[in-house]
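To start, the structure itself, in structure tokens.
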Amino acid sequence: MKEEKNNESDKLMEKIVSLCKRRGFIFQGSEIYGGLAGTFDWGHFGVALKNNIKQNWWKKFVDSRRDMYGVDAAILMRQEVWQATGHVANFADPLDGKQFNTMLKTQVGAGEEAATSYLRPETAQGMFVNFKNTVDAFHPKLPFGMAQIGKAFRNEIAPRDFLFRQREFEQMEIEYFIRSEDWEKYFEYWKEEMLSWMEELGLDMAKVHELEVPDADRAHYSKRTIDFEFDFPFGRKELFGLAYRTDFDLSTHKLEYIDEDAGGKIVPHVIEPSMGVDRAVLALLVSSYTEDTKSDEVRGYLKFKPNIAPIICAVSPLLKNKSELVEYANLKVYAPLKAVFGRVAWDDNGNIGKRYRRQDEIGTPFCIVVDFDTLEDNTVTVRDRDTGEQERVKVSDLQDYIKERIS
Ligand code: ATP
């Protein structure tokens with residue numbers, strides 16, 4: 001029974017990995033030279049999906065709030081940053097009884113001027129080292145946060161499970177600065193915010209679980225950590241983390257804050273919601289991959305929400321060698337939709353059945369077909385990805401129709 005389940009899970013991962021390659025989402029890094037383990041390259045639809053996820057995150061946690069300040073810090077930082085935080089001494093995994101430091105080391109500068117530097121293993125420190133700059137520039141009152149999306153690098157000993165454990169990946173992190181007495185309140189608050197974002201993204205919430213990380217497994221600076229775990233096909237594993245980091249980081253960098261309300265200098269405490277972009281993509285792929293076995297042929301599709309899908313709709317002339325259909329589809333349907341929605345595809349490759357299959361696999365919610373009736377009555381067929389149902393919609397109503405369906 002267990003073996004059967006493992007086979008099913010392996011098959012699901014294989015299907016997702018091959019769909020991602022076949023449809024131009026994600027490729028192995030350096031593939032034509034044999035691949036570089038722990039790295040992936042993102043193709044057209046993968047970039048679109050990833051950008052939608054990041055924009056959605058930024059909109060919720062930065063743009064729609066008054067208390068959040070964005071940062072985009074340099075990936076290369078002075079060695080002292082990582083010495084101060086303890087990363088140089090302790091950011092290590094066990095390897096044959098020894099400790100192997102997983103920071104990727106590099107040299108900055110030439111000749112005698114060359115200094116050791118590291119590709120940052122987390123985005124968090126890029127925010128802490130800009131705490132003073134942010135306070136001086138914007139004079140925020142507590143509580144307030146800093147947010148960053150960016151690459152992080154870890155020389156993982158055993159990269160594996162597709163996007164799950166990579167050597168180069170992306171993080172979306174928030175450092176939320178509070179007064180120490182408020183930590184429990186804001187910990188709960190951020191837990192709920194993270195859960196609501198996962199739901200908005202379209203994750204299968206039945207697969208999301210909270211793990212209270214026990215004392216012995218927590219980072220030394222953390223007084224409380226929750227891992228949000230996800231039932232990936234290869235097991236229940238960490239998706240995101242939420243940590244109460246106390247005043248560890250700001251104290252380490254000798255940073256303070258003048259609290260006018262309390263009338264003196266304090267070191268704010270920090271709640272840190274930390275989310276991996278790549279694990280978010282993988283969890284979303286697992287949540288969205290659906291197989292429809294209604295007909296003889298299995299139809300696999302990605303059930304993305306329209307706001308997250310790489311393509312909102314695809315436009316097709318029924319036949320690509322009928323110039324009147326192609327012209328109508330191009331000028332009266334594709335061009336105006338493309339101008340409004342951007343993420344609109346032109347698809348005239350193969351027969352209609354093949355086009356539907358392709359768009360289903362990409363996760364495109366709507367396929368619009370221009371046929372001979374269109375030339376007579378200015379209506380088109382709109383096919384729904386999930387139900388396969390088709391309806392006739394007036395060309396003049398298309399924009400409103402799509403806006404309504406995606407809202
Ligand atoms: P793990 O225990 O799986 O190694 P971690 O606890 O070291 O993860 P954090 O340091 O808390 O991870 O990093 C924050 C987030 O960054 C994680 O929740 C995850 O989403 C993401 N992340 C961490 N390491 C990797 C990696 N090697 N590949 C992809 N994403 C990662």
Side-chain angles (χ1 to χ4, degrees), residues 17 26 28-29 36-42 46 50 53-54 57 61 75 82 85-87 90-95 99-104 118-128 147-176 190-191 194-195 197-198 201 203 207-214 216-232 234-245 248-249 270-287:
V17 173
I26 300 160
Q28 177 65 61
L36 178 63
T39 67
F40 288 92
D41 295 340
W42 296 69
K50 191 155 77 149
I53 292 173
K54 290 192 283 184
W57 187 92
F61 293 119
I75 287 172
W82 306 110
T85 56
H87 281 79
N90 301 317
F91 197 71
D93 283 337
L95 179 68
Q99 285 299 102
F100 170 73
N101 194 303
T102 58
M103 280 201 295
L104 278 147
Y118 301 90
L119 302 184
R120 65 182 177 205
E122 58 176 36
T123 55
Q125 296 308 324
M127 289 181 274
F128 293 123
Q148 174 164 231
I149 299 179
K151 290 255 176 164
F153 302 81
R154 295 181 191 177
N155 201 0
E156 298 278 2
I157 296 168
R160 61 187 173 279
D161 297 323
F162 194 32
L163 306 176
F164 181 80
R165 189 167 300 287
Q166 299 174 71
R167 290 182 168 137
E168 174 175 343
F169 54 98
E170 238 174 326
Q171 293 182 318
M172 305 176 280
E173 293 195 303
I174 291 168
E175 309 303 336
Y176 199 71
W190 280 105
K191 191 178 96 177
M194 289 175 80
L195 284 167
W197 185 71
M198 291 179 228
L201 188 64
L203 296 193
K207 290 191 163 70
V208 175
H209 309 276
E210 284 168 35
L211 172 82
E212 189 71 47
V213 179
D217 298 343
R218 268 199 320 267
H220 60 96
Y221 51 75
S222 171
K223 271 220 178 123
R224 187 180 175 199
T225 299
I226 286 180
D227 282 351
F228 289 98
E229 297 191 308
F230 187 84
D231 293 322
F232 290 102
F234 42 84
R236 185 174 291 182
K237 298 272 163 69
E238 176 178 333
L239 171 63
F240 302 143
L242 173 65
Y244 168 40
R245 294 179 75 120
F248 172 79
D249 304 275
V270 171
I271 305 288
E272 181 192 65
S274 178
M275 300 175 237
V277 177
D278 311 74
R279 288 188 193 176
V281 172
L282 186 54
L284 186 61
L285 287 168
V286 171
S287 301

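Whatever order the structure lists them in is the order used to number ligands and atoms, beginning at 1.
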| message | What I'd like to find out is whether the side chain of Gln171 reaches to under 4.5 Å of the side chain of Gln148, using heavy atoms alone. | response | no
| note | Sorted by chain and number, sequence neighbours left out, side-chain contact (heavy atoms from CB on, under 4.5 Å) with Ala147 holds for Trp57, Trp58, Val62, Met68, Ile174
| note | Output for ligand 1, non-hydrogen cut-off under 4.0 Å, lists Arg154, Glu156, Leu163, Phe164, Arg165, Gln166, Phe169, Gln171, Glu238, Leu239, Phe240, Gly241, Ser274, Gly276, Arg279
| remark: Result for ring pair (Phe, Tyr, Trp, His ring centres under 6.0 Å) between Phe164 and one of Phe40, Phe169, Phe232, Phe230 points to Phe232
| remark: Residue set satisfying side-chain contact (heavy atoms from CB on, under 4.5 Å) with Glu170, at least two apart, ordered chain then number -> Lys50, Lys54, Ile149, Lys151, Val277, Asp278
| remark: Taken in chain and number order and not counting sequence neighbours, the residues that satisfy salt bridge (Lys or Arg N to Asp or Glu O under 4.0 Å) with Glu272 are Arg245
| When the ring planes of His87 and Phe91 are compared, do they come out parallel, tilted or perpendicular, using 30° and 60° as the limits? | tilted
